[in-house]
Each structure stands twice: as structure tokens, then as C-alpha cells.
Asker: 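Structure incoming, see below.
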Amino acid sequence: MKIIENIIGKEVVNTDAVLIGKVSDVEFNDVTKEVESLILKKRRNIRNFEYF
């Protein structure tokens with residue numbers, strides 16, 4: 001799927017523009033074909049903070 005190829009590996013940042021990880025997988029709703037969730041590979045040495 002083209003959307004998966006475009007999303008996997010993208011960096012994800014929080015609202016303070018701090019890198020929290022990269023997208024490692026995408027989950028879709030089989031019925032609606034909408035993205036349900038993004039699975040992230042967490043960045044190393046990340047400490048406790050609010051993602052949202």
C-alpha cells in the first residue's frame with residue numbers, strides 16, 4: 001500500500017518539536033480503510049514527558 005510506504009520511517013515529534021520516535025507500523029480499519037493507529041519505535045534515551 002502506497003500510504004504505508006510513505007508513512008513508515010517518518011519521524012514523530014511532540015508539540016514541543018522533540019523527536020519521540022519513528023513510525024514502525026500502521027494499523028487500518030478493515031471496513032473503513034482508515035488509519036486506526038500508528039505504531040512507533042521509541043527514540044533511545046527518551047525521558048518521561050507528555051506526548052500530547
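By convention here, the first residue in the shown sequence is residue 1.
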Asker: At their closest point, which heavy atom of Gly9 faces which heavy atom of Lys22, and how far apart are they?
Answerer: O-CD, 3.7 Å

Asker: Look at the side chain of Ser24 and the backbone N and O of Ile39, then say whether any donor-acceptor pair between them is shorter than 3.5 Å.
Answerer: yes

Asker: Could you please spell out the steps behind the side chain to side chain contact (heavy atoms under 4.5 Å, CB included) verdict for Val13 and Ile20?
Answerer: CA-CA 5 Å; Val13 297; Ile20 59 173; 5.9 Å; no

Asker: Tell me, please, which residues at least two apart from Val35 pass side chain to side chain contact (heavy atoms under 4.5 Å, CB included).
Answerer: Ile3, Val26, Phe28, Leu38

Asker: Do you know which two heavy atoms are closest between Val12 and Leu19, and how far apart they sit?
Answerer: O-CD1, 3.4 Å

Asker: Looking at residues at least two apart in the chain, or sitting in another chain, which of them share a side-chain hydrogen bond (donor to acceptor under 3.5 Å, both in side chains) with Glu36?
Answerer: Asn29

Asker: I'd like to know if the side chain of Asp16 and the backbone of Val18 have a donor-acceptor N/O pair within less than 3.5 Å.
Answerer: no

